[in-house]
Structure formats: C-alpha cells, structure tokens
Trainee: 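Encoded as structure tokens, here's the structure I'll be asking about.
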Amino acid sequence: MPELPEVETIARILRPECTGRKITSVQVLWGRTLEGISPEQFAASISGQVIRGVTRRAKYLDMELTGFHLFVHLRMSGDLQVKSPKYRPEKHDRLIFNMDDDRYLVFNDTRKFGRVWMTANPESVIGRLGPEPLDSEFTPQMLYVQLKKRHRLIKPLLLDQTFLAGLGNIYTDEALHLSKVHPLRISDTISLIEAERLHAAIRTVLQTGIEHNGASIDWVYRGGEFQNYFRVYGREGQPCSVCGALIQKITVGQRGTHFCPICQEQSYEL
DNA sequence: AGGGAAACCCGAACGC
DNA sequence: TGCGTTCGGGTTTCCC
C-alpha cells in the first residue's frame, strides 16, 4: 500500500531512469485515471514533453515536465515502473508512456483508485496540503501549537492531509503507539511532552519505512519489508512488543485502528 | 467545526 | 469445491 515512504522510494528509483527522457506518446487504457482531462487531450499535450525531474510531495509523485507537472497518486494499489522496450501490456495497466529511449513508464493499478493530473499550476493539485513531516520546518513546537488550535480526535486529524501531509492509516497507528498516545485523544488536550514524542515518532516510522523499502527493490504491492516491523497494525489479539498486553482493534473515523490499551493510556499525561 | 456516511474499486478472506 | 458476502484502504463530497 503506497504511503509516503513507498512514494519516496519510487521517486528515487524513477529519477535516474526518467530524468531527461522525452515522452513520445501515451496509451490510456483506463480513462478515469486522468483527472480533469480527456484521454485525447492528455495524449496530445503530453507528447513531446521532457521529464525534467522526479520528486515527491506528500503521497504524490511529482514529475516536472517541460511546461507542466504530472502528479501521480497511487492510492491503494497503484504502481509505477519503467519497463524494457519488449514489454507487453499486462492486466490492470492503466497508462503506458512511451519514452524516447524506447522504454515504457507503466502505471498499473489493480483497484482503479489511483489518479493522474497534468497541470501547469502545481498549486491546483498540492496547494491544500499540510506540512511535510520530514521537513525541518515541521517542528515539535509547531505540531503542539497546531494540535492546540483544533478540537479533534488525534487519529483522524493525523490522517487529514491538510493538517499534516503524508501519513496513512498504517503509519498513523504505528506513530501513535510509538509515542504512547491513545488514538481517541482529543488534539487540544495533548501536552507539549506528548506532542514532542508524537513528532519524533512520526518521523521515526516514516524514516524506518523509507529505509526498509529502499532496501528491497521490488516492494511495490508485492510485499515490502516494513510490514515485518509493525508494532500494532494488523496485530489485533497479539501481544504488544513493549508490555505484552493484547493489541486491540477499534474503528475511529471509519478507519481500522490498532493500539495497545496499556502503553497508550487514554488519560491525560503531563 | 467536526464527524458520519457514501462513493469509488477489486482481490482476499470469510461463511456456508 | 464452489458460491455469495464482507472487508479494507485514501480521498472527496455531501449531509447533519
């Protein structure tokens, strides 16, 4: 499930493969992948565009083109890979870009949730996103202040991409457990100490994810390594690695939420 | 303002 | 075995 670390890994893999390549044509195998543009218009405007660079913003892959940005959000099951000239389309391929070295950039997405935007104005796609959790501007103090301004359950707030950009369900549960914050805590009751722990935990889980995905070349939707290090996610009924209590699973804001009832006390902690 | 529900999808897991 | 049902995941949109 591509979250921030997986997108970061893809960007790192694609950057040397695609930078400087010209897109000569594109096959649109599933039109609804494209946001705000018809397949015909898309094909017409992308042909001849040169890929200037590949970066990441939150969970969006950002390909800078000659006159546009191509943003790709992989959502649940998306995958983006460079294929050799002899590649033939496979099941669930949605977009196939032909590059000027005769290789292909293939967007495959089993569940059809992934989306692609082509725009001259990046703000129209990523303008509402909150701070980047791994940036130096994102400080413990800033997190504390922002939490104080809101009155929301901490779990859904951390998942809100306009509050903080990049955490998905898995990393949120992991970060809450690592920082010993209960998922049902109300944001403006979180102390400075707790906010500092949460800040550190968010960075730790994301960085750990990046390291483990980076360590395995073909992780994308074929099983990465980070799953072997889950502290709570998917471990309902199994013992907490810290205290031995059984991990519980509840629903918070319509999302499956895993936590340790002992480590993550619900009471206020100074 | 915040929260709940529905919608978009399909493969895996589950129940019988 | 084979069938039908449920679930989950990220995000947006609508409604209370």
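A, B, ... follow the sequence lines: proteins, then strands. Residue 1 opens every chain. Note: hydrogens, waters and symmetry copies are ignored here, and every other heavy atom, side chains too, is used.
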Trainee: Mind listing the N/O atom pairs, protein and nucleotides 13-16 of chain C, below 3.5 Å?
Mentor:
none

Trainee: Which residues, if any, of residues 152-165 of chain A bring a heavy atom under 4.0 Å of DNA chain B?
Mentor: A:R152, A:L153
Trainee: Going by the rule side chain to side chain contact (heavy atoms under 4.5 Å, CB included), which residues pair with A:Q27 if we only count those two or more places apart in sequence or in a different chain?
Mentor: A:L29, A:I96
Trainee: Does A:I126 sit in a hydrophobic cluster with other residues, and if so which ones, taking ILVMFWY side chains as linked at heavy-atom separations under 4.5 Å, directly or through other members?
Mentor: A:Y60, A:F71, A:W117, A:V125, A:L129
Trainee: Which residues satisfy the side chain to side chain contact (heavy atoms under 4.5 Å, CB included) test with A:P85, sequence neighbours excluded?
Mentor: A:D102, A:R103
Trainee: For the helix from B:dG2-C:dC16 to B:dC16-C:dG2, measure the angle between the helix axis at one end and the axis at the other, each built from five pairs, rounding to 10°.
Mentor: 60°
Trainee: Of all residues at least two apart in sequence or in a different chain, which pass the ring pair (Phe, Tyr, Trp, His ring centres under 6.0 Å) check with A:F163?
Mentor: none
Trainee: Could I get the full list of salt bridge (Lys or Arg N to Asp or Glu O under 4.0 Å) partners for A:K59, not counting sequence neighbours?
Mentor: none
Trainee: Under 4.0 Å: is that the gap between some side-chain N or O of A:H92 and OP1 or OP2 of B:dC10?
Mentor: no
Trainee: Please state whether the phosphate of C:dT12, meaning OP1 or OP2, lies under 4.0 angstrom from any side-chain nitrogen or oxygen of A:R115.
Mentor: no
Trainee: Would you say C:dT11 has OP1 or OP2 under 4.0 Å from some side-chain N or O of A:K112?
Mentor: no
Trainee: Are A:K149 and B:dA1 close enough that a side-chain N or O sits under 4.0 Å from OP1 or OP2?
Mentor: no
Trainee: For A:H258, what residues pass the ring pair (Phe, Tyr, Trp, His ring centres under 6.0 Å) criterion, not counting sequence neighbours?
Mentor: A:Y233
Trainee: In the hydrophobic clustering (ILVMFWY, side-chain contacts below 4.5 Å, transitive), which residues join A:L246, or is it alone?
Mentor: none
Trainee: Please list, chain by chain and in numerical order, all residues satisfying ring pair (Phe, Tyr, Trp, His ring centres under 6.0 Å) with A:H92, sequence neighbours excluded.
Mentor: none
Trainee: With A:F107, which residues qualify under ring pair (Phe, Tyr, Trp, His ring centres under 6.0 Å), at least two apart?
Mentor: none
